[in-house]
Amino acid sequence: MTLKNYWLMKSEPSAFSFDDLRKAKSQTTSWDGVRNYQARNTMRDSMQVGDGVLFYHSNADPPCIPGIAEVVREGYADHTAFDPKDSHYDPKSRKESPIWYVVDIKFVKAFKEPVTLPKIRATKELQKMVLVRPGSRLSVQPVTRQEWEIILRLGGIGREK
DNA sequence: GCCAACGTTGGC
DNA sequence: GCCAACGTTGGC
């Protein structure tokens, strides 16, 4: 048995919001368009079905985590890289040797109260989150189990399952 | 809208 | 392999 891991994934709500995920077909989406190698590696190599995901709204006012999702499909090729008409098209990525990967995530639950970035910054136990590390811009990043539980408590969900 | 910090690109 | 220039991210 493998232990469940936790992650945080950033999205600009104007591009794709947590509510978009809730309303999506099967409440599921493929996390496409990521063009950063570190984030790619995380999705390709580390994220597993059942892992918990904090959905983060960047460039929002205030930036916040509105709720949680879960990984429902592990890393596979990002098809948007193959499509010349797609804004994320990358001619260097070929179907026989893809460069970019996605995972699928599914809506799990909205927080009673979104956990805002100022709230996270003000919470002592969350000072070491990758999210608030100075200079960190990673769009897919690891979250510790402790951080996960604190965020859920702040969001009003409490202990999950 | 500004701009600092970061990642990538490409000339040499 | 260095590093300047450029594009992007994302908080404010």
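Everything numeric in this text was worked out from a predicted model, so none of it was measured. Letters A, B, ... mirror the listed sequences (proteins, then strands); counts begin at 1.
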First of A:Gly135 and A:Lys92 reached from the 5' end of DNA chain B, by closest nucleotide: A:Gly135
5' priority, DNA chain B, between A:Arg137 and A:Asn59 [closest heavy atom]: A:Asn59
Interatomic distance where CD belongs to A:Gln38 and C1' belongs to C:dT8 [whole Å]: 16 Å
Length of the CG-C1' vector between A:Asp61 and C:dG10, whole Å: 13 Å
Rounded interatomic separation in angstrom, taking CD from A:Gln141 and P from C:dG10: 9 Å
Between C1' of B:dT9 and CD1 of A:Ile99, the distance in whole Å: 14 Å
Between P of C:dG7 and NE2 of A:His88, the distance in whole Å: 18 Å
Sugar-phosphate, base or nothing in reach of A:Arg121, heavy atoms under 4.0 Å: sugar-phosphate
Heavy-atom check, side chain of A:Val143 versus side chain of A:Trp7, under 4.5 Å: no
Interatomic distance where NE2 belongs to A:His57 and P belongs to C:dT9 [whole Å]: 16 Å
N/O (side chain, A:Tyr56) to phosphate O (OP1/OP2, C:dG11) under 4.0 Å: yes
Gap between atoms CZ and C1', on A:Arg35 and C:dT8 respectively (whole Å): 14 Å
A:Asn36 CG - B:dA5 P separation (whole Å): 19 Å
Nearest-0.5 Å distance that lies between atom CZ in A:Arg35 and atom CD1 in A:Ile99: 9.0 Å
Side-chain N or O of A:Lys10 closer than 4.0 Å to phosphate OP1/OP2 of C:dG10: yes
Sequence-distant partners of A:Phe55, ring-ring contact (aromatic ring centres under 6.0 Å, His included), two or more places apart: A:Phe18, A:Trp31, A:His57
Ring centre gap for A:Trp100 and A:Tyr89 strictly below 6.0 Å: no
